[in-house]
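It should be emphasised that the depicted structure is a prediction, and the values quoted were computed from it without experimental measurement. All residue numbers refer to positions in the sequence shown, counting from 1. In listed order, ligands and their atoms are each counted from 1.
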Amino acid sequence: MCGIVGILNSSSLKNNSIDILKKLEYRGYDSAGISLFSKERIKTIKSVGKISELKNKAQNISDKNFYGVIGHTRWATHGVVSKNNAHPFANDDLTLVCNGIIENYRKIQNRFVEIPKNIQSDTETSFYFLTYLVNKYKNSDEAIRVFKSVIKGNYAFVIFIKKK
Ligand code: GLU
């Protein structure tokens, strides 16, 4: 399945993450994306297709005011190949990428009204679920603990949550 990367405190977050994704491209080339993050903000760039597409798209983006990055190159398992279904999934406070499959994502969608019902992607479902938990507990450790106890499958996540 996919390739994932997370880097902190590098002087070249954008180029290093894209170079690593390029090395992992054989694991998935449906779409790719990165989220750069700092205490203030999260900046996400996604594209359908190979890493070269992402590289072009990110060309004029500066990573100067960020201290970390997460990235993903996708092998779609749930949800069509599209920009919307590309990882990372992010809002102003949280960004995540996932390698693998969340088997019970439909059950989770049906159980929580906070999760939109038209989502096809297991990872987007996980993103809404974690967002809901972070807002509910106001504590990222507790949110992650509950998240892990509910989701079932074979997976690895890289997650950044901004401290409030
Ligand atoms: N299940 C996720 C998706 O379809 C991740 C697949 C992967 O590991 O690339 O987006």
Quiz prompt | Worked check of salt bridge (Lys or Arg N to Asp or Glu O under 4.0 Å) between Glu25 and Lys22 | solution = CA-CA 5 Å; Glu25 193 169 41; Lys22 181 74 195 153; 2.8 Å; yes
Quiz item: Going only through I, L, V, M, F, W and Y residues with side-chain contacts under 4.5 Å, is there a path from Tyr67 to Val5?
Solution: no
Quiz item: Mind checking whether Ile115 and Ile151 sit in one hydrophobic cluster, side chains of I, L, V, M, F, W, Y counted as touching below 4.5 Å?
Solution: yes
Self-check item: Distance in Å, Asp93 CG paired with Ser140 OG, rounded so as to fall on 0.5 Å steps
Solution: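 Going from the CG atom of Asp93 to the OG atom of Ser140 covers 11.0 Å.
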Element-labelled atoms of ligand 1 that are located less than 4.0 Å from some non-hydrogen atom of [X]:
X: His78; value: 4 (O)
X: Asn99; value: 8 (O)
X: Cys98; value: 5 (C), 8 (O)
X: Arg74; value: 3 (C), 4 (O), 9 (O), 10 (O)

Exercise. Spell out, as yes or no, whether a donor-acceptor pair under 3.5 Å connects the side chain of Thr73 to the backbone of Gly28.
Key: yes
Exercise. For ligand 1, note which part of Thr77 has a heavy atom under 4.0 Å away: side chain, backbone, both or neither.
Key: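 Both the backbone and the side chain of Thr77 come within reach of ligand 1.
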Check contact between [X] and ligand 1, using heavy atoms of the residue and a distance below 4.0 angstrom.
X: Gly79; value: no
X: Gly100; value: yes
X: His87; value: yes

Quiz item: Closest approach of Gly71 and Val97, non-hydrogen atoms and distance?
Solution: O-CG2, 3.8 Å
Quiz item: Who's the nearest protein heavy-atom neighbour of atom 9 (O) of ligand 1, and how far?
Solution: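 Protein heavy atom at minimum distance: Cys2 CB, 2.8 Å.
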Quiz item: Starting from atom 6 (C) of ligand 1, which protein heavy atom do you reach first, and at what distance in Å?
Solution: Trp75 O, 3.2 Å
Exercise. Using the ring of Phe89 (Phe, Tyr or Trp, six-membered ring only), decide whether Lys46 places NZ or CZ under 6.0 Å from its centre and within 45 degrees of its axis.
Key: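 The answer is yes, since Lys46 meets both limits relative to Phe89.
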